[in-house]
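Single-structure report; data block below.
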Amino acid sequence: MALLKVQNVGEMKAKSSISLTSESKKFQMELLRIEHEFKSAIEYLKLNNNILLFIDGIDMRPGNIDYNEYLECIKGLADAMWSLNRDFFSNTRDSQGRLRIVLLLRPDIFNSLGLQNDANKLRDNSVFLDWRTTYPAHRNSQIFKLVDKLLAIQQDEKLDEGEAWDYYFPWSRPSTNESVREEDPSFISFLRLSYSRPRDLIASLQILQDEDKLSDIFYRGKAREFFFSNDFKERLSEYILRSIKNQTSFYYTDEEYNMFILFFDYLYNPYFTWEEYCTKFEEYVSHIKINYGIIPSFAESKEIFLQFLYDTNIICYMEKMECETMFRWCYRERNFSRIAPKVKYNMQYRVHYGLYKSLNIGHQRKNQ
């Protein structure tokens with residue numbers, strides 16, 4: 001009787017395996033059918049102009065999907081996009097225009113995909129959005145022109161380039177580098193609190209706009225005063241920290257993010273040396289072990305953690321040149337040939353100005 005039960009279990013497993021195999025084949029056949037119908041429909045299109053289909057939101061990983069599983073999904077999506085663009089859309093006949101799919105990806109996520117010939121794909125088939133500028137050349141930069149345009153299009157009359165910005169922000173302040181320029185125009189002050197991204201400057205303008213609705217700061221000439229107030233800095237700092245949380249959420253859970261933020265309870269100065277960092281890191285890891293019992297992957301060593309701080313643009317390293325000190329930020333060092341810049345060790349480091357308030361730099365943790 002026992003042998004019969006074993007045989008029945010074996011038969012059940014075999015039937016289950018056959019059923020799964022059958023369902024898998026049906027699924028694959030259904031995918032092939034959808035692909036065939038999709039391609040047939042595209043072939044009938046007669047486009048007069050080129051059409052770009054942008055796929056956005058990829059960097060927001062759903063909380064119920066594991067990181068490795070989600071990364072595989074993105075890899076599949078990227079391979080499918082590449083195949084369609086290269087082998088199918090480019091060979092569409094009797095159509096003046098062409099269809100092309102474009103994935104909107106952060107550079108760090110692209111680097112994580114591990115695609116074949118990724119360097120060539122990045123250089124020959126990608127557009128790298130670069131809003132960087134320098135303080136002396138900011139007036140001619142694309143980011144200044146974009147923000148100025150946003151202000152200008154809201155006016156009743158046509159304005160010259162820069163006129164809208166100068167109307168709202170006519171002030172300047174003492175220069176941060178007196179050997180190069182006598183004073184810093186207002187736009188430089190905005191850049192210092194940002195990562196040279198349009199959305200950062202727009203966030204600053206929105207905070208000013210919200211305050212103006214409450215207290216009429218522009219009419220009363222108080223915009224400059226509010227910009228340098230703790231209230232403004234706190235609001236903008238919280239926005240910047242949220243953007244970093246969104247960035248890290250692709251890789252880590254909320255609990256891991258909370259563990260990560262604890263490190264800044266040990267920083268008493270936004271400027272710190274390599275030796276000071278090593279000491280603070282050991283204190284931080286000790287605290288994590290005691291309170292969480294685990295060490296997250298980003299804190300497995302002081303070198304890995306420093307690179308993590310650099311990748312998220314929370315810190316830069318300072319490199320002394322012949323005539324000046326260069327502030328090496330990850331986002332400023334990134335380019336086509338160096339998509340994932342590396343931080344240098346045994347240097348001096350600095351936390352980003354825009355994060356001072358939200359990270360409470362300089363405040364010791366209670367009951368330490």
Side-chain angles (χ1 to χ4, degrees), residues 35 38 42 45 47 49-90 92 97-133 141-147 149-150 194-206 239-252 257 308 311-314 329-341:
E35 178 184 348
F38 173 75
I42 293 296
L45 289 177
L47 303 176
N49 300 301
N50 294 329
I51 295 178
L52 297 178
L53 174 62
F54 293 95
I55 302 180
D56 198 6
I58 298 172
D59 54 348
M60 301 299 292
R61 177 173 63 89
N64 60 341
I65 300 181
D66 179 73
Y67 164 71
N68 291 322
E69 292 180 0
Y70 189 62
L71 196 63
E72 288 301 318
C73 291
I74 298 178
K75 287 181 181 178
L77 180 63
D79 287 336
M81 177 213 69
W82 178 260
S83 177
L84 285 171
N85 287 339
R86 182 191 61 184
D87 302 327
F88 181 66
F89 293 147
S90 61
T92 304
R98 290 289 183 266
L99 179 65
R100 184 173 296 274
I101 302 175
V102 179
L103 299 186
L104 301 180
L105 287 173
R106 295 200 317 253
D108 59 293
I109 296 178
F110 177 87
N111 191 58
S112 300
L113 295 180
L115 301 175
Q116 292 184 346
N117 299 320
D118 58 348
N120 292 333
K121 289 179 179 178
L122 184 65
R123 181 174 294 278
D124 300 332
N125 299 277
S126 302
V127 175
F128 183 72
L129 296 181
D130 186 3
W131 296 97
R132 295 173 298 178
T133 185
S141 68
Q142 292 300 314
I143 191 170
F144 175 81
K145 294 177 181 179
L146 183 147
V147 177
K149 186 69 173 179
L150 288 176
S194 76
Y195 288 119
S196 294
R197 300 177 301 197
R199 65 175 180 267
D200 294 345
L201 275 74
I202 291 173
S204 297
L205 295 179
Q206 288 175 336
Y239 154 78
I240 295 176
L241 187 60
R242 283 197 305 272
S243 69
I244 291 175
K245 185 179 188 300
N246 291 336
Q247 178 183 346
T248 58
S249 66
F250 182 85
Y251 305 96
Y252 304 106
Y257 171 79
F308 181 56
D311 289 340
T312 51
N313 289 296
I314 291 177
W329 292 98
C330 182
Y331 77 93
R332 296 192 65 85
E333 298 298 309
R334 183 181 289 120
N335 52 47
F336 275 118
S337 60
R338 186 168 50 177
I339 198 66

Compare every heavy atom of Ile143 with every heavy atom of Pro198, then report the nearest pair and how far apart it is.
N-CD1, 3.9 Å
Value rounded to 0.5 Å, distance of CH2 in Trp131 from CG in Leu201
11.0 Å
Under a 3.5 Å distance rule, please check whether Tyr195 uses its side chain to pair with a backbone N or O of Tyr331 as donor and acceptor.
no
Should the heavy atoms of other residues, nucleotides or ligands under 6.0 Å from NZ of Lys75 be counted, would the total exceed 12?
yes
Below 4.5 Å, heavy atoms only, C-beta onward: do Asp311 and Asp108 meet side chain to side chain?
no
If every non-hydrogen atom of Phe54 is compared with every non-hydrogen atom of Leu104, which pair is closest and at what distance?
CD2-CD2, 3.7 Å
Is the shortest side-chain heavy-atom distance between Phe110 and Leu103 below 4.5 Å?
no
dist Ile58:CD1 -> Arg106:CZ (nearest 0.5 Å) comes out at 11.0 Å
For Ser112 and Leu71, the nearest pair of non-hydrogen atoms, with its separation, is O-CD2, 3.7 Å
Give, for atom CD of Gln247 and atom CD1 of Ile109, the distance between the pair rounded to the nearest 0.5 Å.
8.5 Å
May I ask you to decide if Ile244's main-chain N or O and Thr248's side chain share a donor-acceptor pair within less than 3.5 Å?
yes
Looking at the rings of Tyr252 and Phe308, which for Trp means the six-membered one, are their centres under 6.0 Å apart?
yes
Minimum heavy-atom distance Cys330-Pro341, with the two atoms named:
O-CG, 3.7 Å
Distance, nearest 0.5 Å, that separates CG of Asp56 from CG of Leu105
9.5 Å
For the residue pair Leu205 and Leu150, establish whether any side-chain heavy-atom pair is separated by less than 4.5 Å.
no
Could you tell me whether the side chain of Asn50 reaches within less than 4.5 Å of the side chain of Arg100, counting heavy atoms only?
no
About how many Å separate CD of Glu72 and CG of Leu113, when rounded to the nearest 0.5 Å?
9.5 Å
Report yes if some heavy atom in the side chain of Ile202 is under 4.5 Å from a heavy atom in the side chain of Gln206; otherwise report no.
yes
Name all pairs fulfilling the ring pair (Phe, Tyr, Trp, His ring centres under 6.0 Å) condition that reach into residues 64-83, sequence neighbours left out, sorted by first residue then second.
Tyr67-Phe250, Tyr67-Tyr251, Tyr70-Phe250
Could you check whether atom CZ of Arg197 has more than 12 heavy atoms from other residues, nucleotides or ligands sitting under 6.0 Å from it?
yes
Min side-chain heavy-atom separation Asn85-Val102 under 4.5 Å:
no
So Phe89 and Ile51, do their side chains get closer than 4.5 Å, heavy atoms only?
no
Measure the CD-CZ distance between Glu69 and Arg61 for me, rounded to the nearest 0.5 Å.
10.0 Å
Does any part of the side chain of Arg199, heavy atoms only, come nearer than 4.5 Å to the side chain of Tyr239, both counted from C-beta?
yes
Which atom pair, heavy atoms only, marks the closest approach of Leu47 to Arg98?
CD1-C, 4.1 Å
Might you point out which heavy atoms bring Arg132 and Glu333 nearest each other, and give the distance in Å?
NH1-N, 4.1 Å
